[in-house]
Amino acid sequence: MIQTERAAAFHALHGDLLVLPNCWDAASAAVIEHAGAKALATSSAAVAWSLGTRDGNMLDRGLMLEHLQRICAVATVPVSCDVESGFGDSAADLAETTRLVIEAGAVGVNLEDALSGALRPVEEAADRVRVVREAADAAGVNLYLNARTDSYLLGAADFEGTVARAVAYLGAGASGIFVPGVTDLEEVARLTAAIDAPVNILTGPGAPAVPALKEAGARRVSAGSSLAGAIFGHIERATRELLEHGTYDELAGPRSWGEMNGLFA
């Protein structure tokens with residue numbers, strides 16, 4: 001019942017604007033939720049880095065699921081999982097990934113349409129969306145399926161092709177469309193006007209502010225790996241200061257031991 005309610009709540013959050021500072025482990029998830037996030041979403045890159053693995057479909061599915069289970073265990077809000085390209089080429093593998101992610105407690109997934117730096121043929125990518133939808137339906141969960149197309153991210157910047165992919169993925173059961181690699185407000189507005197579903201934009205330093213993206217029609221804004229990258233950058237700066245200067249300015253403003261402990265029942 002809780003998962004059903006969280007799935008419905010997650011879908012509803014896309015009716016206005018959902019902002020997702022992406023997490024990568026239970027601690028980051030707990031802090032992000034405590035800061036006011038209405039939902040949580042993993043970043044595959046950040047999860048991979050935290051486990052000592054390169055991003056780009058290199059992460060072991062079992063390790064990812066262990067992290068996801070821990071995130072879902074501490075979360076009191078809906079959780080979406082980045083499953084990259086699905087952890088397997090076969091339909092059976094993809095369906096099993098979907099089942100396991102739902103079993104871990106997630107109510108949403110991101111599914112990429114690229115592999116090894118190239119876009120899958122649109123028909124193949126749409127078929128994979130259909131596999132995820134059917135597996136989720138079989139599990140009895142109204143999964144929010146955020147179908148990601150990497151057309152802009154890979155440098156194609158193909159508006160018509162991107163919209164065609166979005167139409168195909170929505171027809172196969174996607175709930176929304178994720179278009180990383182584009183933050184130009186005019187292009188975002190063109191995409192959101194042409195795609196009849198919530199459009200997810202990947203943001204970070206140098207991108208327009210969230211209100212401007214909302215005005216351009218975005219209904220979901222994700223930080224992706226940029227939040228984790230900022231944290232890891234801060235760790236490096238603090239470490240260098242400690243080792244090279246013996247001072248602690250970069251360590252100022254932490255969450256205290258008690259505050260961190262208090263996040264976990």
Side-chain angles (χ1 to χ4, degrees), residues 17-84 104-106 110 112 148 153 178 180-181 183 200-213 218 220-265:
L17 178 69
L18 174 60
V19 180
L20 292 169
N22 299 73
C23 63
W24 58 93
D25 60 12
S28 61
V31 171
I32 289 168
E33 180 179 340
H34 184 77
K38 296 179 180 179
L40 296 168
T42 65
S43 157
S44 63
V47 172
W49 298 335
S50 72
L51 290 166
T53 302
R54 294 183 63 175
D55 185 33
N57 294 288
M58 304 294 289
L59 182 62
D60 177 79
R61 184 173 68 182
L63 289 176
M64 180 278 290
L65 287 166
E66 288 179 15
H67 256 37
L68 178 62
Q69 289 166 349
R70 292 179 183 276
I71 290 168
C72 291
V74 302
T76 65
V77 296
V79 176
S80 181
C81 179
D82 185 343
V83 298
E84 299 187 82
N110 279 12
E112 302 172 8
R148 168 176 152 173
L153 196 63
F178 184 17
T183 55
N200 185 179
I201 298 299
L202 181 66
T203 190
V210 169
L213 291 170
R220 177 163 162 171
V221 174
S222 304
S225 63
S226 61
L227 182 60
I231 297 301
F232 297 142
H234 184 81
I235 290 171
E236 181 176 5
R237 291 190 299 274
T239 299
R240 289 186 182 278
E241 181 191 6
L242 183 63
L243 294 176
E244 296 172 8
H245 304 287
T247 53
Y248 318 104
D249 292 343
E250 288 285 351
L251 296 177
R255 290 191 62 82
S256 70
W257 182 92
E259 288 171 331
M260 286 302 300
N261 242 25
L263 293 175
F264 308 106

Distance, nearest 0.5 Å, that separates [atom1] of [X] from [atom2] of [Y]:
X	Y	atom1	atom2	result
Leu202	Phe178	CG	CZ	4.5 Å
Leu227	Ile32	CG	CD1	5.0 Å
Ile71	Cys23	CD1	SG	4.0 Å
Leu63	Leu68	CG	CG	12.5 Å
Glu33	Leu40	CD	CG	5.5 Å
Ile231	Ser50	CD1	OG	13.0 Å

Considering all heavy atoms of both residues, which atom of [X] and which atom of [Y] are nearest to each other, and what is their separation?
X	Y	value
Ala30	Phe264	CB-CE2, 3.7 Å
Ala48	Leu59	CA-CD1, 4.1 Å
Leu20	Ala41	CD1-CB, 3.8 Å
Leu213	Pro208	CD1-O, 3.8 Å
His67	Val47	CD2-CG1, 4.0 Å
Ala218	Leu17	O-CD1, 3.4 Å

Considering residues, nucleotides and ligands other than Met58, do more than 12 of their heavy atoms fall under 6.0 Å from its CE?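 Counting other residues, nucleotides and ligands, CE of Met58 stays at 12 neighbours or fewer.
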His34 atom NE2, neighbour heavy-atom count above 12 within 6.0 Å: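 Count not over threshold, so no.
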Going by the rule side chain to side chain contact (heavy atoms under 4.5 Å, CB included), which residues pair with Tyr248 if we only count those two or more places apart in sequence or in a different chain? Leu242, Leu251
Side chain to side chain contact (heavy atoms under 4.5 Å, CB included) involving Ala45 - partner list, sequence neighbours excluded: Ser43, Trp49, Asp55, Ser225
Assess the residue pair Glu66 and Arg70 against the criterion (salt bridge (Lys or Arg N to Asp or Glu O under 4.0 Å)); give the C-alpha distance rounded to whole Å, side-chain angles, the decisive distance to 0.1 Å, and a yes or no. CA-CA 6 Å; Glu66 288 179 15; Arg70 292 179 183 276; 5.7 Å; no
Salt bridge (Lys or Arg N to Asp or Glu O under 4.0 Å) contacts touching residues 246-265 (sequence neighbours left out):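 Sorted result for residues 246-265: Arg237-Glu250.
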Please confirm whether the backbone N or O of Asn57 pairs with a side-chain atom of Glu84, one donor and one acceptor, at under 3.5 Å? yes
With distance as the sole test, does Asn22 use its side chain to make a donor-acceptor pair with the main-chain N or O of Gly224 at under 3.5 Å?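 Yes; judged by distance alone, with no hydrogens or angles, the pair exists.
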For a 4.5 angstrom cut-off between non-hydrogen side-chain atoms, does Thr239 reach Glu236?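 Side-chain contact under 4.5 Å: no.
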Ser222 vs Asn200 side-chain heavy atoms within contact, under 4.5 Å: yes
So Met64 and Ser44, side chain to side chain contact (heavy atoms under 4.5 Å, CB included) or not? Walk me through it. CA-CA 8 Å; Met64 180 278 290; Ser44 63; over 6 Å; no
Evaluate side-chain hydrogen bond (donor to acceptor under 3.5 Å, both in side chains) for Thr53 paired with Asp60, printing each intermediate quantity in order. CA-CA 9 Å; Thr53 302; Asp60 177 79; over 6 Å; no
CA sep, side-chain torsions, deciding dist, call: Ile201, Arg220, side chain to side chain contact (heavy atoms under 4.5 Å, CB included): CA-CA 6 Å; Ile201 298 299; Arg220 177 163 162 171; over 6 Å; no
Test side chain to side chain contact (heavy atoms under 4.5 Å, CB included) on Val83 and Glu112 and set out the steps. CA-CA 8 Å; Val83 298; Glu112 302 172 8; over 6 Å; no
